[in-house]
Chemist: 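Have a look at this one before I ask anything.
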Amino acid sequence: MSFDYDLFVIGGGSGGVRAARIAAGTHGAKVALAEEFRMGGTCVIRGCVPKKLMVFASEYPGMVEDARSYGWDAQIGGFDWSVFRAKLDAELTRLEKAYRGGLSGAGVTVFDSRAVLVDAHTVQLADGKTVSAKHILVATGGAPFVPEIEGRALAITSNEIFQMDALPARVLVVGGGYIASEFACILNGLGCKVSQYYRGAQILRGFDDEARGHVADAMRENGVDIHCGTDVMRLEQVDGGIKAVATNGSETVFDAVLYATGRKPNSGGLGLEALGVELGRAGQIVVDDYSQTAVPSIFAVGDVTDRINLTPVAIREGHAFADTIFGGQRRRVDHSLFASAVFTQPEMGTIGLSEEAAREREPIEVYATAFRPMQTAFAGRPDRVMMKLIVSQASRKILGCHIVAPGAGEMIQLVGIAVTMGATKEQFDATIAVHPTMAEELVTMRSPVRTG
Ligand SMILES: Cc1cc2nc3c(=O)[nH]c(=O)nc-3n(C[C@H](O)[C@H](O)[C@H](O)COP(=O)(O)OP(=O)(O)OC[C@H]3O[C@@H](n4cnc5c(N)ncnc54)[C@H](O)[C@@H]3O)c2cc1C
């Protein structure tokens with residue numbers, strides 16, 4: 001049977017673009033890709049990239065304040081959102097072009113259209129045209145999820161935040177995950193008055209308890225008004241803003257309410273169920289270790305599979321899929337160990353198991369330190385850094401590393417190499433420190449603070 005293409009990719013985000021480029025450019029497959037919005041997907045257009053640029057923007061007031069403590073006659077003026085937004089829009093357009101260039105350079109045919117599945121080898125574009133392919137890769141990502149509360153239409157999500165016309169003076173961030181916590185810090189740094197409501201007992205669920213406590217304390221010190229155990233019951237448009245009626249009995253008016261209460265896989269309306277592709281309870285496409293669905297010609301990678309919802313993981317999955325199907329090398333992605341960062345202020349970098357998860361698995365030693373780093377201590381700031389290693393008593397391997405510090409994301413990337421290689425505590429100890437740095441503490445912690 002002959003097909004129009006060897007591979008049709010639905011979704012031009014992190015996973016889809018990588019799979020298409022490797023399949024076509026490296027392995028010589030005939031590939032087409034459909035994207036219904038903007039090339040680059042969530043990460044480039046409304047996720048990691050614009051968010052990180054906003055993180056940078058939000059850090060300048062603190063830097064200027066510190067500069068004064070170091071003797072500089074520095075003054076920060078006002079923040080002009082419209083200037084920043086215009087530059088941001090231009091940068092995203094540049095990146096989108098670069099993604100398109102990469103695809104066309106690899107010989108991929110791009111359809112700027114929504115695509116849905118018709119059968120195991122056929123997709124239909126928005127104009128009704130059908131295209132056949134030997135393999136179909138679904139890489140449609142995820143979307144913000146806002147619970148069914150009264151007045152939910154008044155809320156914005158991370159999709160809209162980069163498009164705001166003006167910065168709100170008073171913002172409520174609802175949610176306790178990394179996206180909610182990052183935006184709470186960003187908006188606080190940009191000068192907004194920020195409240196954060198989270199229905200759980202502590203923000204950043206799933207991360208090491210001590211690290212999350214450390215981040216939450218520092219966020220509060222920096223001015224974010226965090227209310228745990230608190231949820232919004234309804235939102236109302238009132239004179240002068242949006243009133244949030246909360247479970248703690250409060251009724252507070254904000255200029256904007258940002259919901260960051262989780263994301264759902266984009267699997268609806270694609271025609272998957274009718275073809276026999278299994279969906280999980282959250283709507284995620286169920287795949288095996290090689291990203292293959294129950295229908296042998298249909299594969300899925302990235303957030304739509306809800307495995308580890310991070311860009312580098314989606315990229316890895318897309319690459320492994322292309323190598324497996326078109327490169328003759330059966331490759332799978334190990335989801336058990338990955339480094340990641342939370343770009344709160346202070347930042348958190350983490351790899352491996354939290355202390356709590358590790359203790360459930362085996363006897364451990366915990367090495368931890370908290371201290372005031374030289375740079376900000378000199379400036380008179382109360383900021384504290386936390387570093388923590390979880391060590392297996394039996395194998396001596398580092399099972400987890402958690403860092404809360406400026407630049408923690410950069411640090412954990414490097415620690416991640418050693419931990420992925422299976423480094424032991426003794427190998428960390430044998431590493432000569434780089435002095436004076438914050439990260440030297442990672443190789444100079446001699447005695448465990450806890451065992452068991
Ligand atoms: C605010 C925010 C911050 C984030 N920060 C980070 C971070 O710092 N680090 C990190 O690693 N990850 C971060 N992420 C997560 C990261 O963006 C995702 O894990 C990653 O983009 C997933 O890639 P993907 O290819 O699975 O899907 P996506 O990048 O979401 O791409 C899916 C694409 O498919 C398109 N599409 C959907 N349905 C169809 C259809 N039927 N037809 C055609 N096209 C379709 C969509 O328009 C989209 O472009 C962040 C996410 C958000 C929302």
Side-chain angles (χ1 to χ4, degrees), residues 7-23 31-48 99 111 113-126 133 135-146 157-159 177-179 260-322 324-325 332-333 335 338 340:
L7 170 66
F8 195 100
V9 180
I10 307 180
S14 309
V17 168
R18 175 57 68 98
R21 285 187 61 176
I22 298 300
V31 180
L33 179 148
E35 168 55 53
E36 68 174 344
F37 182 53
R38 292 181 67 183
M39 199 60 77
T42 303
C43 173
V44 177
I45 305 297
R46 44 197 186 186
C48 333
Y99 270 75
F111 295 99
S113 165
R114 181 171 172 80
V116 297
L117 291 120
V118 179
D119 65 37
H121 293 285
T122 311
V123 298
Q124 184 170 39
L125 303 174
H135 303 279
I136 295 172
L137 178 69
V138 182
T140 48
F145 165 76
V146 181
T157 69
S158 61
N159 278 357
Y178 82 92
I179 294 176
T261 42
R263 293 174 62 80
K264 282 257 185 280
N266 264 336
S267 59
L270 291 176
L272 291 164
E273 298 95 323
L275 294 181
V277 173
E278 191 191 342
L279 299 184
R281 278 188 59 202
Q284 76 276 24
I285 300 180
V286 177
V287 289
D288 68 9
D289 286 351
Y290 297 93
S291 298
Q292 191 168 28
T293 71
V295 178
S297 59
I298 302 177
F299 293 74
V301 294
D303 286 9
V304 75
T305 62
D306 200 19
R307 288 176 280 184
I308 307 290
N309 297 332
L310 292 170
T311 283
V313 178
I315 290 174
R316 260 309 155 85
E317 289 167 0
H319 200 135
F321 155 79
T324 301
I325 301 301
R332 53 198 272 179
V333 177
H335 293 93
F338 58 94
S340 70

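Every value quoted in this text rests on a predicted model; they were computed, and no experiment measured them.
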Chemist: Looking only at non-hydrogen atoms, find the nearest pair between A23 and L7 and report the distance.
Modeler: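 Here A23 and L7 meet closest at CB-CD2, 3.8 Å.
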
Chemist: Identify the heavy atoms of L125 and A115 that sit nearest to each other, and give their distance.
Modeler: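 For L125 versus A115, the nearest heavy atoms are CD2-CB, 4.0 Å.
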
Chemist: Any chance you could measure T122, atom OG1, to I136, atom CD1, to the nearest 0.5 Å?
Modeler: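 The CD1 atom of I136 is 6.5 Å from OG1 of T122, to the nearest 0.5 Å.
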
Chemist: Please list all pairs passing the side chain to side chain donor-acceptor pair (under 3.5 Å) test where one or both residues lie in residues 293-307, with sequence neighbours left out.
Modeler: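 Matches after skipping sequence neighbours: S291-R307, T305-R307, D306-N309, R307-E317.
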
Chemist: Suppose we screen for side chain to side chain contact (heavy atoms under 4.5 Å, CB included). Which residues come up paired with A19, at least two apart in sequence or across chains?
Modeler: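 Counting only residues at least two positions away or on another chain, A19 forms a side chain to side chain contact (heavy atoms under 4.5 Å, CB included) with L137, F321.
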
Chemist: Less than 3.5 Å apart, which donor and acceptor atoms pair up between the side chains of residues 265-283 and the rest of the protein, not counting sequence neighbours?
Modeler:
| residue | atom | partner | partner atom | Å |
| --- | --- | --- | --- | --- |
| N266 | ND2 | T140 | O | 2.8 |
| N266 | ND2 | G142 | O | 3.4 |
| S267 | OG | G283 | O | 2.5 |

Chemist: How would you list, by chain and number, every residue that makes a salt bridge (charged side-chain N to carboxylate O under 4.0 Å, His left out) with E36, sequence neighbours excluded?
Modeler: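 Per chain and number, E36 pairs via salt bridge (charged side-chain N to carboxylate O under 4.0 Å, His left out) with R114.
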
Chemist: Can you tell me how far OG1 of T42 sits from CZ of R263, rounded to the nearest 0.5 angstrom?
Modeler: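 Between R263 CZ and T42 OG1, I get 5.0 Å after rounding to 0.5 Å.
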
Chemist: Which heavy-atom pair separates N159 from P144 by the least distance, and what is that distance?
Modeler: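 It is ND2-CD, 3.6 Å.
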
Chemist: Could you tell me the separation between the CD1 atom of I298 and the CD atom of Q292, rounded to the nearest 0.5 Å?
Modeler: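 It is 10.0 Å, given to the nearest 0.5 Å.
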
Chemist: So do L33 and M39 actually touch side chain to side chain, heavy atoms under 4.5 Å?
Modeler: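 Heavy-atom side-chain distance check passes, below 4.5 Å.
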
Chemist: Nearest 0.5 angstrom please: H335 NE2 to I308 CD1, how far?
Modeler: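 Interatomic distance, H335 NE2 to I308 CD1, rounded to 0.5 Å: 6.5 Å.
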
Chemist: Show the nearest heavy-atom pair for residues A34 and S113, with the distance to one decimal.
Modeler: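 Distance-wise, the nearest heavy atoms are CB-O, 3.5 Å.
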
Chemist: Identify the heavy atoms of A314 and G302 that sit nearest to each other, and give their distance.
Modeler: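 Heavy atoms only, the tightest pair is CB-CA, 3.8 Å.
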
Chemist: Can you list everything that forms a salt bridge (charged side-chain N to carboxylate O under 4.0 Å, His left out) with R38? Sequence neighbours excluded, please.
Modeler: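 With sequence neighbours excluded, R38 shows a salt bridge (charged side-chain N to carboxylate O under 4.0 Å, His left out) to E96, given in chain and number order.
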
Chemist: Do R46 and F37 form a cation-pi contact, if we require the NZ or CZ to be under 6.0 Å from the six-membered ring centre and within 45 degrees of the ring's axis?
Modeler: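 Relative to the ring axis of F37, which defines the angle, R46 lies inside both limits.
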
Chemist: Testing the basics here: between V9 and A20, what is the closest heavy-atom pair and its distance to 0.1 Å?
Modeler: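 So the two residues come closest at CG2-CB, 4.1 Å.
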
Chemist: Taking it one step at a time, do L310 and Y178 satisfy side-chain contact (heavy atoms from CB on, under 4.5 Å)?
Modeler: CA-CA 12 Å; L310 292 170; Y178 82 92; 4.3 Å; yes

Chemist: Which residues pass the salt bridge (charged side-chain N to carboxylate O under 4.0 Å, His left out) test with D289, sequence neighbours left out?
Modeler: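 D289 satisfies salt bridge (charged side-chain N to carboxylate O under 4.0 Å, His left out) with R332 once adjacent residues are dropped.
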
Chemist: Sub-3.5 Å donor-acceptor pair from the side chain of T157 to the main-chain atoms of F145, do we have one?
Modeler: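 Checked: no pair found.
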
